[in-house]
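Note that this is a predicted model, so its numbers are computed, not measured. Positions are given from 1, in the same order as the sequence printed here.
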Amino acid sequence: MKKLFIALLLMTLAAFPSLAVAEELNYNLVNLSGEAQKHIDNDVLIITMRSSADADSAQEAAKIVNQEMSWAQDIIKDIPGIKKQTINYQTHPRYQNKVIVGWSVSQQLQLESEEIDRLSSVAGKLQKKLQVSSMNFGVSPKRKNASTDELITKALAVFETKARLVSTTIGAKDYRIVSLTIGENRPSLPRHRGYQMEAVALASADAPQIEAGESELTVRVDGTIQLIF
């Protein structure tokens, strides 16, 4: 019994420092945030192209789509610097008066490259048989990471400036950081410079004339400081 009492006493004493620290952090707290933004030139183009066919049977429609996709991949297989993958293969029945009268098959080919002019030229060739479903611009990981490091530094500087301003204005001697989190957004939709992205504008087989535009990257710092008087 005596040993149990001593053990409990030691555990209670050991808890005092942590309780004191918790108590110490429960007052004079201020929540702050800092933010930095930057517009980055897009250096990646992603084009999604589509093959579709209607036929009396699913097999017939699939054969047409497969032939067009094979034709497209033969064109791009030896072109360097272009990532490619087939996506979204779909088969649907066509109805008339609740009766199946045919089948529709479609598949998409997604192309991605930092060689924007090269990919644009390839897309023009592929439009002889495929349709452009969408075009999107983005920022490469290398460029995004370099900009993110820069923005983290700026956002932290904004946070520090606010912390100093609050401390001085309220009359505190100093402050200390209690918690700090850093978050970043995915680049927002590109800011295009004079180019409309509608697929209808790309109906011709000529290479589409495009402008990459910019994306906006934001880094935000959120934290809590404790004022020291």
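- With a 4.5 Å cut-off between side-chain heavy atoms of Ile, Leu, Val, Met, Phe, Trp and Tyr, the cluster of W103 takes in Y95, I100.
- Counting heavy atoms from C-beta on, the side chains of L180 and F159 come closer than 4.5 Å.
- Atoms CD1 and CD1, from I76 and I82 in turn, are 7.0 Å apart once rounded to the nearest 0.5 Å.
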Please report, to 0.1 Å, the donor-acceptor pairs under 3.5 Å made by any side chain of residues 50-57, with sequence neighbours excluded.
unit_1: S51; atom_1: OG; unit_2: E68; atom_2: OE1; d: 2.5
unit_1: D54; atom_1: OD1; unit_2: S104; atom_2: OG; d: 2.5
unit_1: S57; atom_1: OG; unit_2: E60; atom_2: N; d: 3.1
unit_1: S57; atom_1: OG; unit_2: E60; atom_2: OE2; d: 3.0

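- N145 contributes atom CG, which lies 9.5 Å from atom CG of L217 (distance to the nearest 0.5 angstrom).
- Here the straight-line distance linking atom CG of D74 with atom CE of M69 works out to 13.0 Å at 0.5 Å rounding.
- A salt bridge does not link R176 with D174: none of the charged nitrogens is closer than 4.0 Å to a carboxylate oxygen.
- By the criterion of side-chain heavy atoms lying less than 4.5 angstrom apart, applied directly or through intervening Ile, Leu, Val, Met, Phe, Trp or Tyr residues, V219 is grouped together with I177 in one hydrophobic cluster.
- Side chain of S120 to backbone of I116: no donor-acceptor contact under 3.5 angstrom is found.
- The backbone N or O of A155 sits nowhere less than 3.5 Å from a side-chain atom of R220 that would complete a donor-acceptor pair.
- Note that CG of L109 and CD1 of I87 are 8.5 Å apart. Values are rounded to the nearest 0.5 Å.
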Before you tell me yes or no, could you show the steps for W71 and K129 under side chain to side chain contact (heavy atoms under 4.5 Å, CB included), namely the whole-Å CA-CA distance, both residues' side-chain angles and the distance that decides it to 0.1 Å?
CA-CA 9 Å; W71 167 83; K129 292 189 178 182; 3.6 Å; yes

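- Taking OG from S179 and CD from Q226, the interatomic distance works out to 11.5 Å, rounded to the nearest 0.5 Å.
- Contact of the L32 side chain with the Y175 side chain is not registered, since no non-hydrogen atoms from C-beta on lie closer than 4.5 Å.
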Going through the checks in order, is the side chain to side chain contact (heavy atoms under 4.5 Å, CB included) test met by Q110 and I46?
CA-CA 7 Å; Q110 184 172 283; I46 302 172; 3.9 Å; yes

Begin with the C-alpha distance, continue with both residues' side-chain angles, and end with the deciding distance and a verdict on side chain to side chain donor-acceptor pair (under 3.5 Å) for D222 and T181.
CA-CA 5 Å; D222 292 289; T181 59; 4.5 Å; no

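- Residues K38 and E150 are paired through a salt bridge, judged by an N-O separation under 4.0 Å between the basic side chain and the carboxylate.
- Residues V44 and L119 fall into different hydrophobic clusters, defined by Ile, Leu, Val, Met, Phe, Trp and Tyr side chains chained together at heavy-atom separations under 4.5 Å.
- Salt bridge annotation for E112-K84: absent, with no cationic side-chain nitrogen under 4.0 angstrom from a carboxylate oxygen.
- How far OG of S121 is from CD1 of I79: 7.5 Å, rounded to the nearest 0.5 Å.
- Residues L111 and L126 form a side-chain contact, since some pair of their non-hydrogen atoms from C-beta on lies under 4.5 Å apart.
- Criterion: ILVMFWY side-chain heavy atoms under 4.5 Å apart, direct or through other members. Under it, I228 and V178 are not part of a common hydrophobic cluster.
- Between K154 and D149 there is no salt bridge, since no side-chain N of the basic residue sits under 4.0 Å from a carboxylate O of the acidic one.
- Closest approach of S215 and N42 over heavy atoms only: OG-OD1, 2.6 Å.
- Using a 4.5 Å cut-off on side-chain heavy atoms (C-beta onward), I40 and R143 make contact.
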Give the intermediate values and the outcome of side chain to side chain contact (heavy atoms under 4.5 Å, CB included) for residues V105 and K63.
CA-CA 9 Å; V105 174; K63 182 178 180 181; over 6 Å; no

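- Put simply, the side chain of K162 reaches to within 4.5 Å of the side chain of S33, judged on heavy atoms.
- At least one side-chain heavy atom of L227 sits less than 4.5 Å from a side-chain heavy atom of V30.
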Step by step, work out the side chain to side chain contact (heavy atoms under 4.5 Å, CB included) result for V158 and V221.
CA-CA 9 Å; V158 172; V221 174; over 6 Å; no

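- Between V139 and D43 there is a side-chain heavy-atom pair separated by less than 4.5 Å.
- Side-chain polar atoms of N88 and Q108 form a donor-acceptor pair below 3.5 angstrom.
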